[in-house]
Every structure is written in C-alpha cells, then in structure tokens.
Amino acid sequence: MTTQRLHTRNLILLAIGIAVVIALPLVVTSSFAIDIFIRILLFSFIGVAWNLMGGYAKQLSLGHAAYFGLGAYTSTILQIDFGISPWIGMIAGGVVAMLASLPIGWLCFRLRGPYFTIATIATAQALMLIFLKFRDLAWGAEGTTIPNLGSAPLMMQFETKASYYYVVLGLLLLGLAITWAIERSWMGYYLVAIGEDEDAAEAIGVNAPKIKRDIYLISSFLTALAGTFYIQYIYFIDPPTAFSFNISIEAALVSIVGGIGTLWGPVIGTVLLETTSTLLQSWLGSSIGGVQLTVYSLILMAVILWRPTGLIGLFGEAWRRISRKPVRA
C-alpha cells in the first residue's frame, strides 16, 4: 500500500471515529451508558496526562492523585468561598498543581526506580492528611457538597449528562493534542532518550533534570483539570475522594495495559478496563465483591506476560499486516 493511500485511510478512519464519539450522546439515551462514557473519557484524559511522565520518560509516578486533588480543592474553594466560576478555578487549580510539582519534583527526581515511585506515593498521601486537618479552609474529613444551581453552564453545571460528556471530551482532545505535539518535538525525543537510558542521554548533552521538570509541570497541570471536572460532576469533595490512591493506580494501569509511551495507548486501555469494571460492578458487584479487581489483575498479568507493549502493540501489528496488503486500483 502506498504511503499516500495509507495516510488517506488513516485520516478517514480518524474522521469516522471522531464523528461516532461526538454523536454518541445523541444516539444513546441511557444515563447509565452515558455515565460509563464519561468515566472512559475522564480516565483516558488522566491516563494521557500520566503517560507524558510515566510513559515517554518512564518515570513511574504513583502520586498523580496529589495534583488531581489540588485542582479539585482549588476550584471548589474559589467557587464556594468567592463565587468564582469553576471554568476559571480549573485553570487556577492547574497553576497551583504546577507550582506544587516544582518542590515535589525537586525532591523526588533525586531518586530513581522504585524509590522515586514510593516518594510520589508519599507526597500524595501527605497532602491528603494535610487536607484532612484543614477543617476551616478545606472542610476537613467531612468534606462538602457543591451547591446545585440547576442549569448554570457558566458555573460548569448542566441539566443533562450529555453536556458533561462534551466537556470531558474536550479535555481529552486537548490532552491528545498536547501529547501529539510533544511526541513530534525535540522534547519528545529527549523524553524517549531519558526513558531508555538517562545516564546515556545526559552523556550526549540532554539536560535530564530540566526535561523531567518541564514534562512534570505539563502532566500535573492536565491532571488538575481532571480533578476540577470530576468534583463538579459528582457535586461532592472530601480528601479521600480528591486524593484517592486509586486515581494514581488507575492512571498508570490504563496506560500500561493500552501501551505506555504511545498516543492512543491510555485511551485503548481505559476503554477495556473501565468498561469491564463498570459492567462487572453492575452485574456482579452485589453478589461477588471485588470481582472487578480480580479481572483487573488478570488483564494486567496477561498484558505483562504476553504483550509487554500493551494493546496498542497488538493492534499496531495487526494494522501493519492489513496495510501491507495490496490495494486494487
């Protein structure tokens, strides 16, 4: 198959995929189904943000819940205490997360391997404990509910779930666009070099600390945007929700299963894991507790043992085989 025809086919398939995703809330009327779609888009976005750090640079962070929670609390405090729109609070939360990532990164990047991972977990858990104690500023362990204003788009509140669907779809497209741009820039090449062998990358002139710091800033900013959206969607915030360790684990899992260091890997991993988890919880959750965690474990072990490159590697191999077939004139 010629390169031009292959490029045309890819563009056509991408256009069809975008059209299907945009039309889903218009075709599907079930609130339960739309809720699943929202969760898929949200965790795809979180996975894309994590993948910049954990995938391309191979810095296995399990503390991204710290930035998710900072984004959530910043926008909520600004909304409830000062009446500022969550649209503005979302950006403010991203900036706060970026500022917080500077000292956290400065400390954690001094470590490598499992020690770096443990340090990132500790920072997220420490932030959760701090917010548990801030009763006057951040409502402590009790948390608070978000005032329901009905239909108030300027305050990121909508009557239908379809509107939330399009908001998180926009976030995902933003994350994919940023990843696509970085992947094809000098920073993307430097990240891959650092991920493969940091010492070798520094030996040829790559400023590894600066590159890791810069990508950490971007990753934390995007993760904070997800935190604001999630709290506005569920109308409630408390430290265990905002700084949940499950968020950090989920971000890493969807990327690993889908394919780390790839553009579409987190999306493919999320589609598989979130759909499976939600359906199993719905069908068997009341009778067989923890079944979705067992399935998670089996999927993860299968990927690591038989397809270390993730599902994107499997699909890429199949796609290359199809692409090599001759096309009739």
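What's counted below: heavy atoms across the whole structure, side chains too, no hydrogens, waters or symmetry copies.
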So does [Y] get a backbone contact from the side chain of [X], meaning a donor-acceptor N/O pair under 3.5 Å?
X      : Y      : result
Thr120 : Thr117 : yes
Glu183 : Ala181 : no
Gln79  : Ile84  : no
Thr76  : Ala72  : yes
Thr275 : Leu272 : no
Ser248 : Ala65  : yes
Thr241 : Ile237 : no
Ser255 : Pro266 : no
Tyr233 : Tyr164 : no
Thr228 : Gly71  : yes

Pairwise side-chain contact, [X] with [Y], heavy-atom cut-off 4.5 Å (strictly under):
X      : Y      : value
Ser244 : Ile247 : yes
Ile80  : Pro147 : yes
Asp214 : Met187 : yes
Asn148 : Tyr235 : yes
Glu196 : Val192 : yes
Ile146 : Gln157 : yes
Trp50  : Ser61  : yes
Leu129 : Leu132 : yes

[X], [Y]: one ILVMFWY side-chain cluster at the under-4.5 Å cut-off?
X      : Y      : answer
Leu107 : Leu60  : no
Ile234 : Met155 : no
Leu174 : Leu52  : yes
Ile218 : Ile194 : yes
Met128 : Ile118 : no

Problem set entry | Derivation of the side chain to side chain contact (heavy atoms under 4.5 Å, CB included) call for Leu102 and Leu217 | CA-CA 7 Å; Leu102 291 174; Leu217 286 171; 3.7 Å; yes

Atom [atom1] of [X] and atom [atom2] of [Y]: how far apart are they, to the nearest 0.5 Å?
X      : Y      : atom1 : atom2 : answer
Leu225 : Ser220 : CG    : OG    : 9.5 Å
Leu191 : Ser185 : CG    : OG    : 7.5 Å
Met53  : His64  : CE    : NE2   : 7.5 Å
Ile249 : Ile256 : CD1   : CD1   : 8.5 Å
Gln232 : Ser75  : CD    : OG    : 6.0 Å
Thr160 : Ile34  : OG1   : CD1   : 7.5 Å

What closest approach, in Å, do [X] and [Y] show between heavy atoms, and which atom pair accounts for it?
X      : Y      : result
Ile260 : Asn51  : CA-OD1, 3.6 Å
Tyr190 : Val206 : CD2-CG2, 3.9 Å
Pro209 : Glu202 : CD-OE2, 3.6 Å
Ala200 : Asp197 : N-OD1, 3.1 Å
Leu127 : Ala66  : CD1-CB, 3.5 Å
Leu222 : Ala49  : CB-CB, 3.7 Å

Problem set entry | salt bridge (charged side-chain N to carboxylate O under 4.0 Å, His left out) contacts touching residues 147-163 (sequence neighbours left out) |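 Listed by first then second residue: Asp35-Lys161.
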
Problem set entry | Sequence neighbours excluded - salt bridge (charged side-chain N to carboxylate O under 4.0 Å, His left out) pairs with any residue from residues 112-127 |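 Matches after skipping sequence neighbours: Arg112-Glu198, Arg112-Asp199.
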
More than 12 heavy atoms of other groups within 6.0 Å of [X] [atom1]:
X      : atom1 : answer
Tyr189 : OH    : no
Arg135 : CZ    : no
Tyr230 : OH    : no
Tyr115 : OH    : no

Problem set entry | Validation row, ring centre Tyr216 to ring centre Tyr67 under 6.0 Å |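 Ring centroids of Tyr216 and Tyr67 are less than 6.0 Å from each other.
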
For this session: For residues Phe45 and Phe229, establish whether the separation of their ring centroids is below 6.0 Å.
Result: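 No, they do not, as the ring centres are separated by 6.0 Å or more.
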
For this session: Output, in order, the C-alpha distance, side-chain angles, deciding distance and verdict of side chain to side chain contact (heavy atoms under 4.5 Å, CB included) for Tyr165 and Leu42.
Result: CA-CA 9 Å; Tyr165 174 93; Leu42 176 62; over 6 Å; no

For this session: Go through the steps for Ser44 and Val254 under the test side chain to side chain contact (heavy atoms under 4.5 Å, CB included), then give the verdict.
Result: CA-CA 8 Å; Ser44 293; Val254 298; over 6 Å; no

Exercise. Yes or no on side chain to side chain contact (heavy atoms under 4.5 Å, CB included) for Phe116 and Leu62, after CA distance, side-chain angles and deciding distance?
Worked result: CA-CA 9 Å; Phe116 170 79; Leu62 293 181; over 6 Å; no

For this session: Return the set of residues passing ring-ring contact (aromatic ring centres under 6.0 Å, His included) with Phe131 (not counting sequence neighbours), or none when no residue passes.
Result: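 Partners of Phe131 by the ring-ring contact (aromatic ring centres under 6.0 Å, His included) criterion, ordered by chain and then number, come out as Tyr73, Phe243.
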
